[in-house]
Amino acid sequence: MSQRSRVLPGFGLSLGFTLAYLSLIVLIPLSAVFIKSLGIGWDGLWEILSSERILKSLQLSFSAALIAAFINVVFGLLLAWCLVRYSFPGKRIIDALVDLPFALPTAVAGIALTSLYAPTGWIGQYLEPIGIKVAYTPIGITLALIFIGIPFVVRTVQPVLSDLETELEEAASALGANRFQIVSKVIFPILLPALITGFALAFARGVGEYGSVIFIAGNQPFETEIAPLMIISRLEEYDYAGATTIAVVMLLISFVMLFLINLLQAWASRRTGRTAR
């Protein structure tokens, strides 16, 4: 039997190019970050990481990213469902607006959100009298992360919903299943791997976001300072070891959380009989 022709070169050469590219783009820069941070010794690392200001910024960054990702999963699913299952005036416009956070510069998004939700903003002026303060609080940070993360969930779930045959729902209904059972037993298990992927992407984007958050956060020490801001501050002070140390901590925590999310995604894919995307 003749050997099957391949567009790309053989496994050995393809793997070599892949590893070389991965090393130049990812592994070598990350190794430099680790080496730079370890250069100050364990005592120096502990002194930086035990700072209450650093710990507060890390806690704020990861907690806000997690909350925003969870909210995006819920509303991203609803938005994707409406775009796939229903026809309505302006559908194409809304579908295009979903990608706006991708195209809009993050600094512009931050300025726009601050203008809207500041105490004198278009929306903030009505929230302030009833005791709801959005701008310059963790709520504003979470709102900015929701804005930049929603496309990841929608664009991950939308293709799966498009491929989901309505005949499955009709068959379940014919067998006596009610709407809740159809959603929980038929639709949700199929969407679960895509939802987990969208959650992971939105969370990863939120953890490292800087431009859209920096304006609405207010950057108050111990309250609204995010970890990326602390890295920038250390770089401006020429404290490269301190900046890389914070970056390494963020990298390790993010890697562990994304690894656990990927394990959950693989479990959900096996459970539904679908391969992970």
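When atom types are taken as modelled, the side chain of Lys91 and the backbone of Tyr86 share a donor-acceptor pair closer than 3.5 angstrom. Ser212 places no side-chain N or O within donor-acceptor distance of the main-chain N or O of Ala109, the cut-off being under 3.5 Å. One N or O on the side chain of Gln181 and one on the backbone of Asn178 form a donor-acceptor pair closer than 3.5 Å. Side-chain atoms of Asp99 never come within 3.5 Å of backbone atoms of Phe102 as a donor-acceptor pair (strictly under, hydrogens ignored). Within the 3.5 Å criterion, the main-chain N or O of Ala217 finds a donor-acceptor partner in the side chain of Thr224. A distance-only check finds a donor-acceptor pair linking the side chain of Thr114 to the backbone of Ile216 [under 3.5 Å]. Not a single donor-acceptor pair under 3.5 Å links the side chain of Ser254 to the backbone N or O of Leu251.
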Given side chain to side chain contact (heavy atoms under 4.5 Å, CB included), test Phe88 with Leu83 step by step and report yes or no.
CA-CA 9 Å; Phe88 52 88; Leu83 291 174; 4.3 Å; yes
Run the side chain to side chain contact (heavy atoms under 4.5 Å, CB included) test on Phe62 and Met257 for me, step by step, so that the C-alpha distance in whole Å, both residues' side-chain angles and the decisive distance to 0.1 Å come before the verdict.
CA-CA 10 Å; Phe62 282 95; Met257 296 191 70; 4.2 Å; yes
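In this structure, Ala144 and Val213 approach most closely via the heavy-atom pair CB-CG2, 4.2 Å. The minimum heavy-atom distance linking Thr142 with Ala64 is given by the pair OG1-CB, 3.8 Å.
Looking at Met230 and Ile246, their side chains come closer than 4.5 Å, going by heavy atoms from C-beta outward. The shortest distance between side-chain heavy atoms of Ile226 and Ser61 falls below 4.5 Å. A heavy-atom distance below 4.5 Å is found between the side chains of Leu58 and Met250.
Heavy-atom contacts from other residues, nucleotides or ligands closer than 6.0 Å to CZ of Phe222 number more than 12.
One finds a salt bridge joining Glu225 and Arg53 here, because a Lys/Arg side-chain nitrogen approaches an Asp/Glu carboxylate oxygen to under 4.0 Å.
A distance of 6.0 Å or more separates the ring centres of Tyr126 and Tyr117.
Of the inter-residue distances, the one linking Asn72 atom CG with Leu79 atom CG reads 10.5 Å to the nearest 0.5 angstrom. Once rounded to the nearest 0.5 Å, the distance linking CH2 of Trp81 with CG of Leu77 reads 8.0 Å.
Test Ile71, Val134, Leu116 against Leu143 for side chain to side chain contact (heavy atoms under 4.5 Å, CB included) and you get one pass: Val134.
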